[in-house]
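Every chain is numbered from 1, with letters handed out A, B, ... down the list of sequences.
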Number of protein chains: 2
Amino acid sequence: MVRIVDVAKLANVSTATVSRVLSNSGTVSKETTEKVMEAIEKLNYQPNILARQLRKLETKTILVVVPDITNTFFSKILRGIEEVAAKNGYQVLLGDTGNNLEREKEFLNILRQKKADGLILLTARIDQNSIEEIANEFPVVLACEYIEGSQIPTVSIDNISSARKATEHLILLGHKRIGFISGPLNVVLSRDRLKGFHQAIAQHGIAAEPYLIQEGDFSYESGFNLMMKFLALEQPPTAVFAANDEMAIGAMKAIKSKGLRVPDDISVVGFDDIKFASIVEPALTTIAQPMFDIGMKAMELLLKLIHKDPLEKNQYILEDKLIIRDSSNEYKKK
Amino acid sequence: MVRIVDVAKLANVSTATVSRVLSNSGTVSKETTEKVMEAIEKLNYQPNILARQLRKLETKTILVVVPDITNTFFSKILRGIEEVAAKNGYQVLLGDTGNNLEREKEFLNILRQKKADGLILLTARIDQNSIEEIANEFPVVLACEYIEGSQIPTVSIDNISSARKATEHLILLGHKRIGFISGPLNVVLSRDRLKGFHQAIAQHGIAAEPYLIQEGDFSYESGFNLMMKFLALEQPPTAVFAANDEMAIGAMKAIKSKGLRVPDDISVVGFDDIKFASIVEPALTTIAQPMFDIGMKAMELLLKLIHKDPLEKNQYILEDKLIIRDSSNEYKKK
DNA sequence: GTTTACATTGTAATCGATTACATTATTTTT
DNA sequence: AAAAATAATGTAATCGATTACAATGTAAAC
């Protein structure tokens, strides 16, 4: 392990001068700089980052807490985060909770122990107090989820208007009996999507039948099972809006397993536009979220927090988009 | 920021005693331990990990270099890695290369600068010298890919026999004209899957027609495009084996877009058993890799390397499995 | 030539936790 | 009671890079 003191000896200068050369301080003569650079190259010197981190009290590392790394929705956001992080000399510590609340809480200690300079939360399922507390002390950005009434910088889409838009799409296709498969209702974005659904049907004078609203857990399996439940009704819905694509794909599978056709018998709309939304058959109508952009924006905001630059605002709402594919079609009276 | 010196003052002991209490050294009296724990709790003390890392020259962090975090094959392996890491008090630094060789090389500096204690490579596409060099100096484990002739600890499946098995499955279904869509041939596992394909057809006295072997890039799009190419032949293959599921799904899409049926007109077999393999229609026949187990094993090996424990061997070949679903069927003469 | 201003470099402290070795306290053995 | 052994705790060095302030060198102004 070559240390800075070895370089200084070879170059016949002090360690401070070597450090100044490395940091381009602008206070070292050209001649001395060249001498030092030669020594660095000759010894193949790499600074010990641990020492630098302690001296500067800065790690150039950020923590990203993710509920499920195998869900491509989150991994695409992570890709956006990584892009901006790498451009700014930062590394990303992965905090994959596997939807485990205890693990989520433990990850917060990484900040308290100074092992990361900031945090991006892609999940905010632990109690609000814990999050607000950590955000009061450390740079924290929320992506996708948000906390009501909080000042924590947040990047997301407007889940209410998105869900309203998706539901209106079905209503404009003539559907009057629309089922909604929500995400877990302890998650604020699930509640927003439900709210958007309610708004749309209320605006069009459609009654909200409680049995046409079921709570899923964002998984393919819950979509399948809840669609089976809808199909067991005397009058199944003629269209279904699911709060994410995996559940929508599960719903389509259930419909087809009953010998019914999508969209001819039942239209289906999802949310997120994951990769397989366009591959499944029929291709899924869905709300597209700009995942990569969400990740990038979140990292940009976090860098500002870390550097104590002022933020123009706390809430960044990016544009979503209704992508109409083959899974939704006009209601046909039978 | 509460420091250890503050705790020591409050507890009226030295900082060494506080440190011993924290590390359960077994050399502190019960009475003193309690006094110290009270002070720690009262001050809500959290050790500064940066100082500990420098003193101990250890980060309890490992780097995982991944070619594409949005591919669920890799994110599942990462899940297995994270599981074992967390259990052993380690954190995972994400090295997502986005298939960029330059970025892959840059990530290796993280080891040289001591920012991580070891490395798991899920991609070995940069030159062999760089990898061997880093593995000579630092704990490195390869997962999925391997380097011919190298002693670097490796976890994977036997890609040759897996591919032979998949190809034999099609042969036993009566197919004589089998197309193969390989991965990028600069990647050793792609060459192995090609080798397995060759072995199977040779063993059954089937000629290897060059135009029935095409090189893809593991993406859905390349699967689609190369299947279109096969379909443009005077005599298209009656079955296709693709070197991963995404390409197989693309191939199925191409077949269907031409008004042909899977498997009635053309059988398709994939590789990996990603989540959507069982969801697409028809459900894909594929080789299942134990991704989670690969990740876990890789991390277990890396921990042994880090702790300088002896390894029983360098090569760990885990079991794969042929999963027969609906995309492959008997050849029907026309 | 002397003084002042600026550029360049060096010295030693700093960061906060850990631990080798020394010192002190307590227990056991003779 | 004294000596030996063991337990418990403290002091100060260590880890390796950075940087505040001091010291030295050089150029410009008088």
Exercise for the section: Please report, rounded to the nearest Å, how far the P atom of D:dG16 is from the NZ atom of B:K114. Expected result: 10 Å
Exercise for the section: Select base, sugar-phosphate, or nothing to describe what B:T27 touches, counting heavy atoms under 4.0 Å on all strands. Expected result: base
Practice task
Could you walk me through whether A:E34 and A:K30 pass salt bridge (charged side-chain N to carboxylate O under 4.0 Å, His left out), step by step?
Solution key: CA-CA 6 Å; A:E34 280 169 7; A:K30 193 158 179 274; 3.7 Å; yes
Problem - C:dG10 OP1/OP2 closer than 4.0 Å to side-chain N/O of A:T17 - result: yes
Completion exercise
When B:A16 and B:L57 are each assigned the nearest nucleotide of DNA chain D, the 5'-most assignment goes to B:A16
Practice task
Take the protein atom NZ of A:K35 and the nucleotide atom C1' of C:dT9, then report the distance between them rounded to whole Å.
Solution key: 10 Å
Problem - Ion pair check, B:R103 and B:D96, cut-off under 4.0 Å - result: no
Problem - Ion pair check, A:R125 and A:E145, cut-off under 4.0 Å - result: yes
Practice task
Tell whether B:R55 reaches the base of D:dG16 with its side chain through a donor-acceptor pair below 3.5 angstrom.
Solution key: no
Completion exercise
Picking from D:dA17, C:dG16, D:dT18, the nucleotide nearest the side-chain atoms of A:A51 would be D:dA17
Exercise for the section: Using a 4.0 Å heavy-atom cut-off across all strands, classify A:S29 as base, sugar-phosphate, or nothing. Expected result: sugar-phosphate
Problem - Length of the line joining A:L54:CG and D:dT14:C1', which is rounded to integer Å - result: 12 Å
Practice task
In whole angstrom, give the distance that lies between atom CD1 of B:I4 and atom C1' of D:dT11.
Solution key: 15 Å
Exercise for the section: Examine C:dG16: is either OP1 or OP2 under 4.0 Å from a nitrogen or oxygen in the side chain of B:Y45? Give yes or no. Expected result: no
Handout entry: Distance in angstrom units between B:K60 NZ and C:dA17 C1', rounded
Key = 15 Å
Fill in the blank from the handout: Between A:V66 and the options A:L122, A:I81, A:T97, the side chain to side chain contact (heavy atoms under 4.5 Å, CB included) test singles out A:L122
Practice task
Report yes or no: is there a donor-acceptor pair, N or O only, under 3.5 Å between the side chain of B:R52 and the base of C:dT18?
Solution key: no
Practice task
Return the nearest nucleotide to the side chain of A:T15; candidates are C:dT9, D:dT18, C:dG10.
Solution key: D:dT18
Exercise for the section: Could you tell me whether the phosphate oxygens of C:dT8, OP1 or OP2, come under 4.0 Å of any side-chain nitrogen or oxygen in A:T32? Expected result: no
Practice task
Rounded to the nearest angstrom, tell me the gap between atom CZ in B:R20 and atom P in C:dT19.
Solution key: 10 Å
Practice task
Determine the contact category for A:V18: base if any of its heavy atoms lies under 4.0 Å from a base atom, sugar-phosphate if only primed atoms, P, OP1 or OP2 are that close, otherwise nothing.
Solution key: nothing
Practice task
Round to a whole Å and report the spacing from NZ of B:K56 to P of C:dA20.
Solution key: 11 Å
Handout entry: Whole angstrom value for the distance that separates P of C:dA17 from NZ of A:K115
Key = 15 Å
Exercise for the section: Indicate yes or no: at least one non-hydrogen side-chain atom of A:T72 is less than 4.5 angstrom from one of A:M291. Expected result: no
